[in-house]
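Have a look at the structure below before the remarks.
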Amino acid sequence: MSNFPLDIIADILSRLSVKDLLCLRCVSKTFDSLIQSSDFVVLHLNRSINTRTNRVLILKNSDLNFVDLASFESFATRLEHPLMDCQDGIKVLGSCNGLLCVSNVIDDIAVWNPSTKEYLILPTLSLGDCQVFVYGFGYDSVNDDYKVVRIIQSFRVEGKVFELEVKVWSFGEKGWRRIEDLPYVLSFPGANGVFVCGALHWAVSRKDEPENVNTIVALDLGVEEYREVPQLEYPDGEEFHLEVGVLEGCLCVIADYVDSHVDLWVMREYGVKESWTKLLSLAFGEVTDPFRSVKPLVYSRGGDQVLLVFDSIKLFWYDLEKKKATRVKARGVLFSYESDICLQSLVSLDVKKRNDARQQKEEDEKDDFLSVGFTLVL
């Protein structure tokens with residue numbers, strides 16, 4: 001292998017699973033250095049995203065379990081997560097680039113890479129007497145950092161919202177800090193933020209229009225500013241509940257016309273109103289018994305099917321062309337309450353390591369530029 005250029009070796013290795021790559025680190029110092037490099041981590045991550053590989057389904061009941069999406073017939077595997085000391089009420093607050101943000105019943109929070117077993121437990125942040133709070137987790141590409149966001153919604157005695165306190169924790173700063181309050185009201189208390197295109201999204205209503213509960217607000221993690229997302233034109237006169245989701249990096253909305261049907265829309269080009277496209281429409285009872293909720297999880301590798309979870313329990317592959325659904329079950333898990341998608345990746349929680357790698361790359365590029373030299377023309 002010593003005769004092969006490193007970029008060819010990297011391309012070959014980027015097609016392997018994280019499990020295989022971690023084993024290959026023991027082969028040689030060259031392999032170890034290559035596989036840990038930030039460029040290779042990004043290469044492997046992007047290939048997994050583009051080829052729809054290295055994806056697992058996280059199933060939560062009293063434990064956290066995962067099953068490989070490539071083979072539902074395989075038995076689910078129990079995950080040993082970093083909050084095992086008090087795992088009651090374990091929940092996934094968000095998933096991004098192979099990292100999971102999880103919490104437990106006493107509100108401990110950890111960010112964790114299940115593939116590499118690397119994790120970090122965040123400093124405790126008291127909730128006080130607050131009963132309404134949500135979280136969000138995502139990647140800040142501007143600062144190459146991962147951030148956890150917590151929103152607390154407080155009320156006056158007469159029941160009117162007067163404050164939505166927002167705090168942010170980042171790997172770079174290693175601490176919680178307060179940012180500008182959210183100038184909206186949460187439509188679905190308990191619904192955590194959905195990460196798409198560098199921002200976290202929630203369904204909200206405007207404080208001056210509390211009856212309008214179908215607004216989508218985005219918190220840009222790079223500049224930490226709020227903005228509204230342009231929405232499609234919904235049919236007049238029909239009442240519906242709106243929920244926000246993500247499907248393969250695209251923002252989506254689930255419009256629930258109570259006791260009638262559910263429409264799933266996908267924003268093909270982020271921020272462009274005209275790019276909203278209806279992916280599917282389901283009448284109540286069409287796929288399964290009358291359901292309370294439906295959530296899209298992921299496309300099949302061929303892109304012709306989408307995995308849907310009904311009422312957080314029943315999983316179906318829905319064929320977008322034939323408009324038919326097939327029930328699937330993970331072996332070894334009797335039931336689950338929540339389902340999430342997670343990539344298997346090499347993404348590290350070590351910010352210093354990533355920063356050092358980026359600085360080294362910039363210095364190498366500068367040295368390459370200077371080594372070429374230049375000619376001064378008078």
Side-chain angles (χ1 to χ4, degrees), residues 14 18 36-50 52-56 58 82 92-103 109-116 118-122 134-151 166-177 179 192-202 216-227 229 244-252 267 269-271 297-298 340-359 361:
S14 69
V18 173
Q36 291 194 80
S37 68
S38 58
D39 285 344
F40 181 79
V41 171
V42 172
L43 175 66
H44 182 267
L45 177 66
N46 288 337
R47 185 179 292 279
S48 297
I49 293 172
N50 295 332
R52 294 175 175 147
T53 54
N54 297 315
R55 305 176 301 174
V56 296
I58 304 295
V92 176
L93 304 180
S95 174
C96 180
N97 294 343
L99 302 182
L100 290 178
C101 183
V102 296
S103 71
I109 300 174
V111 178
W112 162 53
N113 185 328
S115 300
T116 64
E118 189 180 7
Y119 70 89
L120 184 65
I121 297 179
L122 275 57
V134 296
Y135 290 91
F137 174 64
Y139 176 61
D140 170 8
S141 60
V142 174
N143 300 293
D144 186 25
D145 203 356
Y146 288 88
K147 294 181 176 180
V148 180
V149 175
R150 189 194 72 173
I151 301 176
V166 183
K167 288 191 175 182
V168 176
W169 182 93
S170 69
F171 283 93
E173 297 180 341
K174 293 283 194 307
W176 292 98
R177 58 184 171 79
I179 64 171
N192 292 316
V194 173
F195 179 73
V196 179
C197 292
L200 289 166
H201 302 77
W202 289 270
I216 300 175
V217 65
L219 170 59
D220 188 311
L221 293 181
V223 296
E224 296 180 354
E225 294 178 353
Y226 306 105
R227 62 172 180 267
V229 176
V244 185
V246 58
L247 193 55
E248 205 165 85
C250 291
L251 186 68
C252 63
M267 188 179 240
E269 186 177 351
Y270 185 75
L297 293 173
V298 69
D340 290 277
I341 298 298
C342 183
L343 279 175
Q344 293 179 310
S345 81
L346 294 162
V347 172
S348 174
L349 307 185
D350 191 339
V351 175
K352 183 178 184 302
K353 179 180 176 182
R354 293 204 306 270
N355 289 341
D356 290 346
R358 184 173 66 249
Q359 291 173 4
K361 182 179 180 181

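On a predicted model such as this, the values are computed, not experimentally measured, just so you know.
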Pairwise distance [atom1]([X]) to [atom2]([Y]) - rounded to 0.5 angstrom:
X      : Y      : atom1 : atom2 : value
Leu200 : Leu219 : CG    : CG    : 6.0 Å
Thr116 : Gln344 : OG1   : CD    : 11.0 Å
His44  : Ser37  : NE2   : OG    : 12.0 Å
Ile121 : Ile109 : CD1   : CD1   : 11.0 Å
Asp340 : Ser95  : CG    : OG    : 6.5 Å
Ser170 : Asp140 : OG    : CG    : 8.0 Å

Which heavy atom in [X] sits nearest to a heavy atom in [Y], and how many Å separate them?
X      : Y      : value
Val166 : Ile151 : CG2-CG1, 4.0 Å
Cys342 : Gly98  : SG-O, 3.8 Å
Leu343 : Thr53  : CD2-O, 3.8 Å
Gly193 : Trp202 : N-NE1, 3.1 Å
Asp145 : Gly172 : OD2-N, 3.0 Å
Ser345 : Leu45  : CB-CD1, 4.1 Å

Report yes if some heavy atom in the side chain of [X] is under 4.5 Å from a heavy atom in the side chain of [Y]; otherwise report no.
X      : Y      : answer
Phe40  : Leu346 : yes
Arg47  : Asn54  : no
Cys250 : Met267 : no
Val347 : Tyr139 : no
Lys174 : Leu120 : yes
Leu100 : Phe137 : no
Ser348 : Glu118 : yes
Tyr135 : Ser103 : no

Problem - Results of salt bridge (charged side-chain N to carboxylate O under 4.0 Å, His left out) for Arg227 - residues two or more places apart only - result: Asp220
Fill in the blank from the handout: The salt bridge (charged side-chain N to carboxylate O under 4.0 Å, His left out) partners of Glu248 (sequence neighbours excluded) come to Arg52
Fill in the blank from the handout: With Phe171 as partner, the option from Asp350, Asn143, Leu349 fulfilling side-chain contact (heavy atoms from CB on, under 4.5 Å) is Leu349
Handout entry: With Phe195, the side-chain contact (heavy atoms from CB on, under 4.5 Å) member among Leu221, Val246, Asn97
Key = Leu221
Exercise for the section: Evaluate whether atom OH of Tyr226 has more than 12 neighbouring non-hydrogen atoms of other residues, nucleotides or ligands under 6.0 angstrom away. Expected result: yes
Exercise for the section: Could you check whether the rings of Trp176 and Trp169 sit parallel, tilted or perpendicular, using 30° and 60° as the cut-offs? Expected result: tilted
